[in-house]
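Here is the structure we will look at, set down as structure tokens.
In what follows, chains are A, B, ... by sequence order, proteins preceding strands, each numbered from 1. Treat the numbers as computed from the prediction; the structure is a model and nothing was measured.
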2 protein chains.
Amino acid sequence: MQSTHIADFRPGMAAAQPTGHEAGRQRQGRLWSNLKEVCDLLHIPSFNIAQTDELLFQHVQFKTGQRIHTIGQPFDMLYVVNSGFLKTVLIDEFGNEQVLSFPMKGDMMGVDGIHTRHYASEAVALSDCDLILLPFRKLASLGRTHVELENMMYGVMSRELVREQAMIGMLGALSAEARVARFLVSLADRFAQMGYSSKLFNLRMTRHEIGSYLGLTLETVSRTLSAFNEVGLISVDQRTIGIKDPDALKNLRRLPPSRARGRQNGAAARARAAEAAETAAAAPAPHTAPPLLAAV
Amino acid sequence: MQSTHIADFRPGMAAAQPTGHEAGRQRQGRLWSNLKEVCDLLHIPSFNIAQTDELLFQHVQFKTGQRIHTIGQPFDMLYVVNSGFLKTVLIDEFGNEQVLSFPMKGDMMGVDGIHTRHYASEAVALSDCDLILLPFRKLASLGRTHVELENMMYGVMSRELVREQAMIGMLGALSAEARVARFLVSLADRFAQMGYSSKLFNLRMTRHEIGSYLGLTLETVSRTLSAFNEVGLISVDQRTIGIKDPDALKNLRRLPPSRARGRQNGAAARARAAEAAETAAAAPAPHTAPPLLAAV
DNA sequence: CGGGTACTTGACTCTCATCAAAGCGCGTGG
DNA sequence: CCACGCGCTTTGATGAGAGTCAAGTACCCG
């Protein structure tokens with residue numbers, strides 16, 4: 001899709017990139033993973049997982065644009081992302097998409113289907129993907145004998161819940177600029193965790209999808225990225241993002257008004273942006289303060 | 001402003017109110033519930049729960065304003081609300097509260113503590129409460145022998161996840177008026193489910209807390225309630241809310257501009273408000289439409 | 001190349017936050 | 001029992017942030 005102008009550092013990325021299918025073995029012409037590999041992928045401590053090589057979970061591949069599951073479809077599977085990038089969306093009563101998450105390596109999908117036995121969201125591959133299938137019924141019964149597995153389930157579900165709580169807090173309380181900044185930081189962190197570069201990466205999603213995820217319009221996302229670029233917090237070239245000042249991004253609440261950052265060198269502007277964040281961070285923070293945004 | 005005209009049916013509310021502690025038995029001067037009672041409370045089908053009267057869970061009472069657990073506190077308990085009203089909040093880095101939920105009878109709290117073994121949120125009683133304690137470790141090990149219990153756990157956690165997803169969708173895509181409208185509807189539904197009146201109830205939370213929950217300011221909440229009152233969708237008297245037109249509220253996206261609803265009788269205004277909702281609902285809904293709000 | 005999709009940028013609008021000032025209600029203490 | 005005070009709520013005026021509409025550009029793919 002966006003191939004040419006980043007071809008130069010694709011090699012670098014490929015080098016940093018784990019080989020993708022490192023987990024799993026061939027069998028019957030398909031990939032399979034054992035319990036330990038799944039736990040490792042999910043970052044769940046799996047101390048004494050017994051010899052579980054007879055306990056294998058099958059992989060499935062999806063190509064860009066394919067749907068993994070749709071809303072209302074009968075639930076029977078959980079999915080763990082082994083490689084690739086996806087989005088999960090809600091479709092409202094008017095057919096509009098609301099992006100809920102961007103699952104990538106190590107994330108679990110499908111948990112929202114357990115309750116009603118039907119998936120509550122839709123998952124779509126944003127790139128070619130390799131997913132591990134976890135049949136839920138089988139998994140639950142296994143959990144009864146393998147305590148670690150049960151812990152894994154509870155842990156992953158709880159983690160997901162906490163993640164969504166953080167999302168709600170962000171949507172409820174942060175400005176557009178702060179949302180975009182945190183989105184970039186969290187992406188960078190996840191890339192780092194996966195062994196990619198956290199300083200330079202490719203967005204796998206469109207501005208529209210980012211906007212939907214953050215509760216903003218695509219124009220606002222685009223403008224905000226441009227503004228960050230202008231003050232030197234990041235570099236933007238289409239879907240290629242370079243993180244220049246992660247700390248300032250992490251703490252950013254509001255950029256100085258645009259008229260105040262007209263003709264000047266980037267360093268000075270960046271310094272002031274960072275300063276704005278620091279100032280906010282150092283504020284006394286009365287417990288009774290209004291919920292939204294400190295002054296700059 | 002609008003104080004007197006609902007005092008007349010205050011008594012009716014008290015009558016509709018269940019007696020609160022109907023679940024549970026006395027023992028050692030305290031209330032205890034068995035597994036079946038807990039499942040019923042959570043609305044989890046519990047077909048063949050064996051004789052589990054030796055499996056008892058203790059109740060605890062909290063008074064208005066008391067904290068059930070705080071952020072960072074070591075996790076060991078889940079809580080099920082047997083009676084009363086609470087809020088759960090996140091505290092951001094500046095000390096501002098972000099309300100995450102308003103748990104009431106049948107809701108489970110504390111699930112966010114499983115992952116890190118520390119509660120990720122804080123729970124506060126908005127009224128006197130009676131909670132059932134579920135020691136998590138004990139519960140998990142019981143789940144291995146009582147399959148229904150395990151299903152209950154997964155089901156409740158998944159349900160919570162779906163609820164938060166809906167919240168994210170709402171925060172990301174709806175106008176202030178639509179958010180308040182849906183908040184009222186969802187409250188009404190929950191009251192109905194609990195056996196209270198869904199037409200007339202008391203808010204247990206302040207405008208500030210509602211605003212925090214919905215990502216709005218308290219002034220916007222207040223103004224929106226007043227506007228709904230003005231067009232006859234609801235009646236408002238401080239914390240007492242009367243639902244007049246639930247269907248219009250459910251579908252409402254945007255009220256007609258205020259200048260268009262100046263001097264006129266309420267019925268006509270309500271009709272137009274409902275119509276606005278219907279119109280939006282009947283729209284063709286192209287899949288590619290912008291994420292936010294149809295026109296009126 | 002040419003068509004289409006994604007992205008950027010500008011001008012304008014409008015919703016909602018902010019600031020401010022009164023009412024109202026309820027509990028406390030005189 | 002009433003007066004006082006404080007927190008909650010309402011309402012108004014104002015403005016800033018973000019959405020909407022509209023070109024125009026860059027990029028991708030057949």
According to the interplanar angle, ranging from 0 to 90°, do the rings of A:Phe85 and A:Phe191 count as parallel (below 30°), tilted (30 to 60°) or perpendicular (above 60°)? tilted
Rounded to whole Å, the CD-P distance (A:Glu177 to D:dA18) equals 7 Å
B:Leu218 CG to D:dG7 C1', in whole Å, measures 12 Å
Practice problem: State whether B:Ser222 places a side-chain N or O below 4.0 Å from either non-bridging phosphate oxygen (OP1 or OP2) of D:dT9. | Solution: no
Among side-chain atoms of B:Asp130 and B:Ser83, is any donor-acceptor pair under 3.5 angstrom? no
Between CD of B:Glu219 and C1' of D:dA13 the distance, given in whole Å, is 13 Å
Query raised in the report: So, is A:Ser226 close to the C:dT9 phosphate, meaning a side-chain N or O under 4.0 Å from OP1 or OP2?
Result: yes
Query raised in the report: Touch check for A:Thr206, heavy atoms < 4.0 angstrom, all strands: base, sugar-phosphate only, or nothing?
Result: sugar-phosphate
Less than 4.0 angstrom between a side-chain N/O of A:Arg239 and OP1 or OP2 of C:dC7, yes or no? yes
From CD of A:Gln238 across to P of D:dT25 the rounded distance in Å is 15 Å
Here the distance between atom P of D:dT11 and atom CZ of B:Arg207, to the nearest Å, is 10 Å
Rounded to whole Å, the CG-C1' distance (A:Leu216 to D:dG17) equals 11 Å
Looking at A:Arg204 and A:Asn202, would you say the former's side chain and the latter's main chain have a donor-acceptor pair under 3.5 Å? yes
How would you label the contact of B:Arg223 with the nucleic acid (heavy atoms, under 4.0 Å): base, sugar-phosphate, or nothing?
base
**Prompt:** Between B:Val124 and B:Leu86, does a side-chain contact (heavy atoms from CB on, under 4.5 Å) hold up when you go through it step by step?
**Reply:** CA-CA 6 Å; B:Val124 182; B:Leu86 305 94; over 6 Å; no
Would you say the side chains of A:Thr88 and A:Ser101 form a donor-acceptor pair under 3.5 Å?
-> yes
Quick note, A:Val236 side chain, CB onward, closest among C:dA17, C:dT8, D:dT10 is C:dT8
Taken to the nearest whole Å, CD1/B:Ile241 to P/D:dC8 is 17 Å
note: A:Asn229, atom CG; C:dT9, atom C1'; distance rounded to Å ~ 14 Å
